[in-house]
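Contents: one structure, followed by commentary.
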Amino acid sequence: MNIRSTKTRLAVLLPRSPSRRIALAWSLGVLCIAAATAPAVGISRDESVYLEAAENYAHFWMLAVRSPGKALSLVDRYYAVNREHPGLAKGVYGFTHALLADGLGITGHLQGSRFGAFLFAAVLAGLLSMWGSALAGAWGGSLAPALFFLVPRHFYHAHPAVLDLPETAFWFATAYAYWRSVGGGGDHARSGRWALATGLLFGAAVATKHNGWFLVPLLFGCWLAVALPALLREGPRALSARFPSAFLSMAVFGPLVLFATWPWLWPEPLPRLRDYFAFHLHHENYPWMYLGRLLRDPPFPASYPFVVTALTVPAAILACMCGGLVQSIARIVRSLRGYIEDVSLPTEMLLSANALFPIALIAWPTIPHFGGVKHWMPAMPFLALLGARALVNAGQVLVPRRPSAVTGTLAALALAPAAWQVAHVHPFGTAAWNELAGGAAGAASMGMQRQFWGDNMARVLPVVNGHAAPGARVWFQEATWLAVKEYQRDGRLRGDLAWANGPEDADISIWHYHQEFRDKEFRTWTDFGTARPATGVYLDEVPLVEVYARPGAWR
Amino acid sequence: MSDRPDYLGPSYMLGTPSEPPPTRAQVWRARARRLLWPPTPEVLAALFAATVTGLGGYGLLFAATLSSRLPSPIDWEAAAALVGRDARPGDIVALAPPWAERAREFLPERLPTRPDVPLVTNSFLDYATEELPGVRRVWLVSLPRAPGYSGDIARELASRSTAIDGPQQLGALQVTRYDLQTPMRPLYFFPDRLSSARVQVGEETCAADAAGGLRCAGTPSLRVAREVREVDFLPRACISVVASSDPARPSAIDFPDVPMGRALRGHTGAAGDGGLGAPVAVRLRVRVDGEEVGELEEHPRSPGWHAFQFDTSRFAGRRLPVSFQLSAVQPTREPICLDAMTLP
């Protein structure tokens, strides 16, 4: 009786719609898996800065609640940290840290901040499932998140408290809300609410990272491409009738949300906005390995994002995504030629354009090329959606009487090797390459970037704790001082180990493989009198991190 | 009705030969074409399913077999034991693929029987043109079944060897010894003798510092040391030196007692990120017994390990002082990596 009543209560809590139940299951699943697997993921350079910023921002908002006037006078003090990026995602990390680590004390400091990142990943998974269900039924809702999160680099990005996955989530959410606002999903009654949501979510996207601004030309272009014939036919009067209210909402709420969630702008909005855009328009080019070449200065090869995508997304998932994209483009072409009528041209335009635009944007030769797939990650959920629909449609076409059997079999064949890769590569997500590249080993032979931003050092910390001489000075090379401080605060690195500025004043050197920093490893050999690592981190025998020690510093 | 023959007589035109029956391949091609073109939704879905199935199967196979294609720690230990037991002075270790630098964690750094003799493990990409001064034999430790492996390094070493011992299979590793046909045997390798050299900037003599280099008190940025530096991505044991920009006070490294042969050969290159800083050309002049035997310029932004060779046959067989003078066109803090040797 008790069990039955508990079940009844749970059933009341669950959403009634099957598609929402699938979405909820995906959200909870991603949240739990990300939380469980996060401790193995180290702190990258950018994450270490965002963690510092997040706590500062949280302190600001807590002060603002208690004493608004004082908080306003101290905006610059709290928000000077990492003023290169807006404050929303970092604010969320600061809030979860304040609640879970400082308030309730149920997580460590790092996990507390990262809980915000798990939430963003969970939201993205749920939205992917919802849109997947709307496009291709229950199978679509089940497969779309899987096709996204079983890409090892995407799975990695579900963990760190950085900006790329939140930006992807807000980008996707904005596009979803826009789609609903223009009648996608068949719900015209609530298009006004969805238009409002589009504006707010667009504001969240631009308040997370500058990529969000590109949603304006992208969505407008998608609308114009479909509406232009009617506008030309009916004249300017049709514009007011056909113009989506979502764009007005974006124009109003986008800047408002940015301004409201980024107090750094408050004292001098325009000069600081100008500085912000200027920073990103003249962003530094970091050296980056690509097919045996060290890219340092533009023009960069336009092939870069396409080749890196092809060599990092597991091959069968890549086939699903490409198949889905080709299907969508073919539907657009056939619809424009009048061959088929049961196609929603706005939907196909929206999906295809979002799947291609972020990749094409980074392909531009003067745009900095670094950071693996993260800079065009907003394209990937759309490719996952299209891939899921292609799998479902293949089942329907090949065996109409038992479509689920075919879709299920194909999905298993696409997802099983990807899941294996995720398990094999974790937590070295920035070093993940697919079977077409030959994994990490094949990519190393091809001269591709081996890893980036210093987080793979976390794997050697237990060994360093066990062997480093008391008070040893350690050169952490690619890891920042903030990251080291964070490891020590969470008890993951011995507190007596001291920071060294280079191999020349270090007892232990933790060298992260970067081709452009190779000279520092060789200088370590000279300074320490040995080229023999005390230990290392290897992925498929490919060195990621090497630890060198002076005689007597390693016990 | 007439039974008369055709009044034009029998035809002289050859009859049209009948079409030969289609071959089996042509039949299959035609069937395939009919099946695939124009592409129906069923055909496209089948192609899509076949691609996903094929790539999914390949992905599973790749993941399932990967660990067996790569060496285990026991394999590395076995290779280290073999090389440690049989290596001799004049040996080095090469790696294929070059990224397999985990070898350094296991292989001995010095000969177990002669701790004074180093056993260098190299990760060069190309052994066809690499000079390998002082090397008589090369132990190639390779991972032949690793993804991305190519046999280029083994072929390059084989092409310059008189004898090949192996390969010995040690799990997923192979160890092969190559005896070089014409080893380059320097009489004198300058970087290894830096401790006997005198370093000057103008008239100012530089003194040894705690880190084993020589630092010039008046111009502390001018440090000279025997180091391993990165030049064009590869480790080079060389004299790292920052050139003086004062034409009246060039940086000079003087070796007092050098056995001379027919040639003085060496290399220069920008060390580390040196080539990326302010583009400053560095001029090198080489003097033997006070007489200039050659000069060259290390050009800015020309990454690479640039070889030079000067004829010294007129000094062959004698022990003479050799001086390297370096001067930069403009002030620079970026070091040049310089190696040199005298050859018989």
Side-chain angles (χ1 to χ4, degrees), chain A residues 294 296 314-316 318-320 323 327 330 390-391 393-398 406 409-410 412-418 420-421 424 434-439 441-446 450 504 515-516 518-523 525-527 530-536 538 540-543 546, chain B residues 40-42 44-49 51-64 66-67 69-71 97-102 104-109 120-121 125 143 146-150 172 211-212 225-231 233-237 240 271-274 276:
Chain A
L294 192 61
R296 289 185 187 271
L318 184 71
C320 294
Q327 183 193 23
L391 283 172
N393 288 355
Q396 289 163 342
V397 169
L398 288 174
V406 177
T409 307
L410 287 177
L413 276 164
L415 298 176
W420 198 328
Q421 280 182 40
H424 177 69
N434 70 7
E435 60 272 50
L436 298 179
S445 291
M446 291 165 73
R450 216 172 270 188
E504 58 280 354
Q515 190 64 63
E516 69 273 24
R518 210 76 218 267
D519 190 47
K520 294 177 179 174
E521 183 187 27
F522 302 153
R523 289 171 71 182
W525 295 357
T526 303
D527 283 320
T530 180
R532 187 173 201 174
T535 186
Y538 305 92
D540 300 336
E541 294 302 307
V542 177
E546 303 275 29
Chain B
T40 61
E42 290 77 12
L44 292 173
L47 278 176
F48 173 71
T51 309
V52 172
T53 304
L55 290 174
Y58 174 67
L60 286 171
L61 185 72
F62 179 81
L66 183 58
S67 63
R69 297 165 66 182
L70 298 170
W99 51 256
E101 295 178 271
R102 188 175 199 177
R104 288 203 181 91
E105 205 178 309
F106 292 89
L107 294 174
E109 270 198 295
V120 175
T121 298
L125 307 175
L143 288 68
Y149 173 83
S150 84
R226 196 275 192 199
E227 292 182 326
V228 178
R229 298 300 300 260
E230 183 252 301
V231 180
F233 300 154
L234 296 173
R236 300 291 179 185
S240 158
D273 278 351
L276 303 169

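Computed over heavy atoms, backbone and side chain alike; hydrogens, waters and symmetry mates excluded.
- Interface residue Pro235(B): backbone and side-chain heavy atoms are both found under 4.5 Å from chain A.
- For Asp519(A), the side chain to side chain contact (heavy atoms under 4.5 Å, CB included) criterion is met by Arg523(A), Arg229(B), Glu230(B), not counting sequence neighbours.
- With a 4.5 angstrom heavy-atom cutoff, Leu234(B) touches chain A only via backbone atoms.
- No part of Leu47(B) comes within reach of chain A, as not one of its non-hydrogen atoms sits under 4.5 angstrom from that chain.
- Salt-bridge annotation for Glu101(B) and Arg518(A): present, with a side-chain N of the basic residue lying under 4.0 Å from a carboxylate O of the acidic one.
- Contact of Pro314(A) with chain B is not made at all, since no heavy-atom distance falls under 4.5 Å.
- Of the listed residues Ser67(B), Ala146(B), Ala46(B), the one with more heavy-atom pairs under 4.5 angstrom with chain A than any other is Ala46(B).
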Might you work through the side chain to side chain contact (heavy atoms under 4.5 Å, CB included) test for Trp99(B) and Glu541(A), ending with a clear yes or no? CA-CA 9 Å; Trp99(B) 51 256; Glu541(A) 294 302 307; 4.1 Å; yes

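- Heavy-atom distances place the backbone of Arg226(B), and not its side chain, under 4.5 Å from chain A.
- Looking at Ala64(B), both its backbone and its side chain come within 4.5 Å of chain A, counting heavy atoms on both sides.
- Proximity to chain A is limited to the side chain of Leu66(B), based on heavy atoms less than 4.5 angstrom apart.
- Between chain A and the residues Gly148(B), Ala63(B), Pro41(B), Ala49(B), the largest count of heavy-atom pairs under 4.5 Å involves Ala63(B).
- Of the residues considered (Leu436(A), Leu415(A), Leu398(A)), Leu398(A) shows the highest number of contacts with chain B, using heavy-atom pairs under 4.5 Å.
- When each of Val52(B), Leu125(B), Leu61(B) is scored by its heavy-atom pairs under 4.5 Å with chain A, the top score falls to Val52(B).
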Output, in order, the C-alpha distance, side-chain angles, deciding distance and verdict of side chain to side chain contact (heavy atoms under 4.5 Å, CB included) for Phe48(B) and Asn393(A). CA-CA 10 Å; Phe48(B) 173 71; Asn393(A) 288 355; over 6 Å; no

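- Pro97(B) and Ser445(A) get closest at one heavy-atom pair: CB-OG, 4.1 Å.
- If you measure heavy-atom distances from Pro98(B) to chain A, you find no contacts under 4.5 Å at all.
- Every residue meeting the side chain to side chain contact (heavy atoms under 4.5 Å, CB included) condition with Ser150(B), not counting sequence neighbours, appears here in chain and number order: Asp152(B).
- Taking chain B as the reference chain and counting heavy-atom pairs below 4.5 Å, the highest number among Gly323(A), Ala534(A), Pro543(A) is found for Pro543(A).
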